[in-house]
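Working notes, beginning with the structure itself.
Bear in mind the structure is a predicted one, so any value in this text is a computation, not a measurement. Letters A, B, ... mirror the listed sequences (proteins, then strands); counts begin at 1.
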Amino acid sequence: MIGCWLVSKDGKHEPIRLPHTETVLIGRGPETLITDRKCSRNQVQLKADCNKGYVKVKQIGTNPTSIDSEDIGNEQEMKLKPGQTLYIVNNLYPYFIEFCESQEPDIKMKNSEKSSLKRASVNSLNGSMETSKKSAKKESNIFPSSTSHLTIMAKTHWNQGLKVSMQDPTMQVFKDDRVVVIKDKYPKARYHWLVLPWESIATLKVLRTEHLDLLQHMHATGENIVKEHANIKLTSFRFGYHAIPSMSHVHLHVISQDFDSSCLKNKKHWNSFTTEYFLESQDVIEMVKNHGRVTVKDDISELLKSPLRCHICKQQQSTVPQLKEHLKKHWPSKQ
DNA sequence: GTTCTAGAAC
DNA sequence: GTTCTAGAAC
């Protein structure tokens, strides 16, 4: 059975179990060890849905509770998904959620020194962390003790895949002090790279004017990667971001416009690169310049369901295989 | 994000 | 009958 756990990023205390569809109130108190008077005793109401893979978070206290950098608002509700960070109050007390299949969640804890039994270390984003076995607790909502296996390898949710790939030297095409470039694991065209900042930026929503230099550097890095491939002069490229990416960690797509790839399989793939769901890098930069942040229409995901239309001649196609056949017409003929 | 597959579409 | 999509599971 799948369980959901609320994990303190600081490792201040053991994970708190969020039973499926049960309402759990969290705030100042012995369970969280939060003593901050700005935090209400019932600051947030949490309701996990293990089937849907998220936790509904309702702000009950007056002071702001936020997810990543977005305030939920008094009496308002937001979905907390794996990979996102919940700040209980005033951007403090960070938590994340983890779904796991057993009663023994695999949790990465930073301050394993607190733990009595040290476990095998695992490589993770922030360098070496250790997973730890916690002392046994009888209470049902407390992280239970491990029984048999000696090594707990922390399971990573699929949406954290980029964070793993960008750290892997075998995946890196280029890197400097600010960014790293990797090939997309499932390229949707002959050339498909991702430019990622080392700085952990969860989503486009957290971008502010202080990120402008970085965004411009990401774009310039993408241009350089394209230039390095001198044999692709006939290929055009687009640089942009998905409005609502599946993978955590902001990444700039640098993709050739042939869309000749066996990994391009469905309508969602196609529309994510050929409709306004694909936010042009320069437009994102301009948006941050002019408005201080990036805003995305609420119903932007509807674009993923749009009819299949050729990005060059705009002709509509009825199926993905037909579209892929049609695209060949636009490929430059080889000399 | 991908994979798998039921059932819709042809 | 086969092809293809879309939603669940991962």
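Here K265(A) pairs with nothing under the salt bridge (charged side-chain N to carboxylate O under 4.0 Å, His left out) rule; sequence neighbours left out. By the ring pair (Phe, Tyr, Trp, His ring centres under 6.0 Å) test, H242(A) is found to be paired with H253(A), F273(A), Y277(A), residues two or more places apart in sequence or in another chain being considered. Not counting sequence neighbours, the partners of Y95(A) by the ring pair (Phe, Tyr, Trp, His ring centres under 6.0 Å) test are H13(A). Residues passing the ring pair (Phe, Tyr, Trp, His ring centres under 6.0 Å) test with H330(A), sequence neighbours excluded: H326(A).
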Please report, to 0.1 Å, the donor-acceptor pairs under 3.5 Å made by any side chain of residues 181-189 of chain A, with sequence neighbours excluded.
residue	atom	partner	partner atom	Å
D184(A)	OD1	Y186(A)	N	2.8
D184(A)	OD2	H192(A)	NE2	3.4
K188(A)	NZ	Y186(A)	O	2.7

Please tabulate, for side-chain N and O atoms in residues 292-309 of chain A, each donor-acceptor pair with protein atoms closer than 3.5 Å (sequence neighbours left out).
residue	atom	partner	partner atom	Å
E302(A)	OE2	K305(A)	NZ	3.4
S306(A)	OG	L303(A)	O	2.6
R309(A)	NH1	K314(A)	O	2.9
R309(A)	NH2	Q316(A)	OE1	2.9

Show the atom names and distances, to 0.1 Å, of all donor-acceptor pairs under 3.5 Å that link a side chain in residues 72-85 of chain A to residues at least two apart or in another chain.
residue	atom	partner	partner atom	Å
Q84(A)	OE1	K81(A)	N	2.8
T85(A)	OG1	K9(A)	NZ	2.7

Pull out every protein N or O sitting under 3.5 Å from an N or O of nucleotides 2-10 of chain B, one pair per line with the distance.
residue	atom	partner	partner atom	Å
dT2(B)	OP1	K188(A)	NZ	2.8
dT2(B)	OP2	H269(A)	NE2	2.7
dT3(B)	OP2	K265(A)	NZ	3.0

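Contact check of residues 294-315 of chain A against DNA chain C (heavy atom, cut-off under 4.0 Å) returns no residues at all.
Under the salt bridge (Lys or Arg N to Asp or Glu O under 4.0 Å) criterion, the residue pairs touching residues 196-206 of chain A are E70(A)-K205(A), with sequence neighbours excluded. Residue pairs meeting the salt bridge (Lys or Arg N to Asp or Glu O under 4.0 Å) criterion with at least one partner in residues 238-251 of chain A, sequence neighbours excluded, are R238(A)-E280(A).
Consecutive pairing runs in DNA chain B reach the stem threshold at B:1-10 with C:1-10, where a stem means at least three Watson-Crick or G-U wobble pairs with distances under 3.5 Å.
Between T32(A) and G27(A), the closest heavy-atom pair is OG1-O, 2.7 Å.
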